[in-house]
Amino acid sequence: MTVAGFHEGELATQRRAGVEADAKRLETMLGVSRLSVGATGFLASQRFAALTGRDGDGLLWVSPLTAPPGFLRAHDGVLRVAARPRAGDPLHAMPGGQPVGLISVDFAARRRLRINGTLVGTDPAGMTVRVDQSYGNCPKYIHPRGIDVRAFAAPPARARRTTFLDRAERAMIAASDTFFLGTTHPTRGSDASHRGGPAGFVRVDSPTRLWWPDYPGNNMFNSFGNLAVDDEAALLFLDFATGATVQLSGTARVRWTDPGAPGDDGGVGRRVEFAVAAVAAA
């Protein structure tokens, strides 16, 4: 798939935010499908990535991928991922042939790289992604931390699938300073992005509702642009020390307010409200 500039949802969101000129200067990044030498080297040194895709029932999820450095290898427009979501994860047996989004984050160096493409093959050792789009993001809101791959290696002792958040899951989300957002577009495919803020920036209103304020970013609005076209979304929260995860599938909507309104922590006049349809906790 050839990516040619911003799609209709991104353009509409940029207009609404009044940042069309700023975003236009970054538009050429979206046409990059071949990974540069620097990007290939970055991927080869990473221990962590988050993957957006659909399970066998068609639900959208975001899943963590962790392994020792070397598990992400890119060559000639193809990314080989020598890892799969662990047993019990909604994407453990994800079907091939679907659009996927992947973001790899170096938390210690505060760097990240996004890759969108097609899952062209899976096997017991991992998966193969044809890269349609790749680009870096700024270090904003990345909290420095280490990644212990052993914490995420073993199958979880407890896996819970339901339609609402229990008390412990709500507390974990409310204490988080980092999560991952998965969105999708009918022709551009799926995307995975990183969201960070002070601990407590995600508010849990009920077992099926939560929201978070937006913060100033690169003005491309890739995730918000997808949501303007398709409100399907997925969230991933992690306990980086224990390997515990809370994954949500549902719908998300961007709410526009006056800048500085109550709850507008970033001062940009935007927040995202998420409705939970499915929960996978481990």
Distance from M94 atom CE to D55 atom CG, nearest 0.5 Å? 9.0 Å

Residues H7 and N226: side-chain donor-acceptor under 3.5 angstrom: yes

With rounding to the nearest 0.5 angstrom, report the CG to OG1 distance, L227 to T251. 9.5 Å

Rounded to the nearest 0.5 Å, what's the gap from CE on M172 to OG1 on T242? Could you check? 6.5 Å

Do the side chains of V229 and F6 join up, straight or via other hydrophobic residues, at under 4.5 Å, putting them in one cluster? no

If you count the non-hydrogen atoms of other residues, nucleotides and ligands that lie under 6.0 Å from CZ in R160, is the total more than 12? yes

Holding to side chain to side chain contact (heavy atoms under 4.5 Å, CB included), I want the full list of residues that pass it with D148, two or more places apart in sequence or in another chain. R150

Contact summary for F71 and L65, nearest pair of heavy atoms: CZ-O, 3.9 Å

Between the CG atom in D205 and the CG atom in L210, the distance rounded to the nearest 0.5 Å is 8.0 Å

Residue pair T118 / R130, side-chain donor-acceptor N/O under 3.5 Å: yes

Can you see whether H185 engages T187 through a side-chain donor-acceptor pair at a distance of less than 3.5 angstrom? yes

Can you list, pair by pair, the side-chain donor-acceptor contacts under 3.5 Å of residues 269-282, counting residues two or more places apart and other chains?
unit_1 : atom_1 : unit_2 : atom_2 : d
R270   : NE     : D214   : OD2    : 2.7
R270   : NH2    : D214   : OD2    : 3.0
E273   : OE1    : R255   : NE     : 3.0

Would you say that R47 contacts P69 through its side chain, given a criterion of any heavy-atom pair below 4.5 Å between the two side chains? yes

Taking L43's backbone N and O only, do any of them form a donor-acceptor pair with Q46's side chain (distance below 3.5 Å, no angle check)? no

Is it true that R114 and D191 make a salt bridge, defined as a side-chain N closer than 4.0 Å to a carboxylate O? yes

In sequence, state the C-alpha distance, the side-chain angles, and the governing distance for I115 and I103, and then conclude on side-chain contact (heavy atoms from CB on, under 4.5 Å). CA-CA 6 Å; I115 293 174; I103 183 167; over 6 Å; no

Determine, step by step, whether T13 and R15 satisfy the side-chain hydrogen bond (donor to acceptor under 3.5 Å, both in side chains) criterion, reporting the C-alpha distance in whole Å, the side-chain angles of both residues, the deciding distance to 0.1 Å, and the verdict. CA-CA 5 Å; T13 307; R15 284 194 297 270; over 6 Å; no

Where do P259 and G267 come nearest, in terms of heavy atoms and distance? CB-O, 3.7 Å

Please report the closest heavy-atom contact between P207 and R170, naming both atoms and the distance. CG-NH1, 3.6 Å

If we only count heavy atoms from C-beta on, is the L79 to R73 side-chain gap below 4.5 Å? no

Would you call R195 and S223 a side-chain contact if the rule is heavy atoms closer than 4.5 Å? yes

Regarding D264 and T257, do their side chains bring together a donor and an acceptor under 3.5 Å, going by distance alone? no

Kindly work out whether a path of hydrophobic side-chain contacts (I/L/V/M/F/W/Y, heavy atoms less than 4.5 Å apart) joins L91 to L119. yes

Checking T245 side chain against L238 main chain: does a donor-acceptor pair fall under 3.5 Å? no

To the closest 0.5 Å, what do you measure between CG (D22) and CE (M220)? 12.0 Å

Any side-chain donor-acceptor pair under 3.5 Å between T52 and S190? no

Side-chain heavy atoms of F42 within contact of S104, under 4.5 Å: yes

Take R54 and E232 through the test salt bridge (charged side-chain N to carboxylate O under 4.0 Å, His left out) and record every step on the way to the result. CA-CA 11 Å; R54 296 185 185 278; E232 191 173 10; 2.8 Å; yes

D230 and T183, any side-chain heavy atoms less than 4.5 Å apart: no

Which residues share a ring-ring contact (aromatic ring centres under 6.0 Å, His included) with W61, sequence neighbours left out: none

Quick one about N219 and Q14 (side-chain donor to acceptor, distance below 3.5 Å, no hydrogens or angles considered), yes or no? no

Co-membership, hydrophobic cluster, residues F152 and V149, 4.5 Å side-chain: yes

Looking at P213 and G263, what are the two nearest heavy atoms and their distance? CB-O, 3.4 Å

Do NZ/NE/NH1/NH2 and the carboxylate oxygens of R188 and E8 come within less than 4.0 Å? no

Taking the side chain as everything from C-beta on, heavy atoms only, tell me whether F179 gets closer than 4.5 Å to L248. no

Heavy atoms, side chains only, cut-off 4.5 Å: are V246 and D239 in contact? no

Verify same cluster id: F201, V254 (apolar side-chain graph, 4.5 Å): yes

side-chain contact (heavy atoms from CB on, under 4.5 Å), paired with L236, selected from V62, T178, L181: V62

Assign the ring pair F180 / H194 to parallel, tilted or perpendicular, where the plane angle (0 to 90°) is split at 30° and 60°. perpendicular

Does a donor on one side chain sit under 3.5 Å from an acceptor on the other, for S63 and Q247? yes

Closest approach of A87 to H92 (non-hydrogen atoms, all atoms of both residues): N-ND1, 3.6 Å

If you count heavy atoms of other groups shown closer than 6.0 angstrom to CZ of R209, is the number above 12? no

Please answer whether the main-chain N or O of A261 pairs with a side-chain N or O of D258 as donor and acceptor at a distance below 3.5 Å. no

Steps toward salt bridge (charged side-chain N to carboxylate O under 4.0 Å, His left out) verdict (D123, R80): CA-CA 11 Å; D123 57 65; R80 175 61 185 173; 3.0 Å; yes

In short, A83 meets A67 closest at the heavy-atom pair CB-CB, 4.4 Å

side-chain contact (heavy atoms from CB on, under 4.5 Å) for F48 and D106? Distances and angles first, verdict last. CA-CA 7 Å; F48 176 89; D106 184 334; over 6 Å; no

Working to the nearest 0.5 angstrom, can you tell me the gap between N116 CG and L102 CG? 9.0 Å

Carefully, step by step, assess N218 and N137 under the rule side-chain contact (heavy atoms from CB on, under 4.5 Å). CA-CA 8 Å; N218 60 17; N137 283 150; 3.4 Å; yes

Do W211 and W256 belong together in a cluster built from hydrophobic side chains that touch within less than 4.5 Å? no

What I'd like to find out is whether the side chain of Y135 reaches to under 4.5 Å of the side chain of Q133, using heavy atoms alone. yes

Has R110 got a side-chain atom pairing as donor or acceptor with P139's backbone, closer than 3.5 angstrom? yes

Salt bridge D265-R203, side-chain N to carboxylate O under 4.0 Å: yes

Quick one: do V100 and L51 satisfy side-chain contact (heavy atoms from CB on, under 4.5 Å)? Show the steps, please. CA-CA 7 Å; V100 294; L51 174 73; 4.0 Å; yes

Any cation-pi pair here, R145 with F107, using under 6.0 Å and within 45°? yes

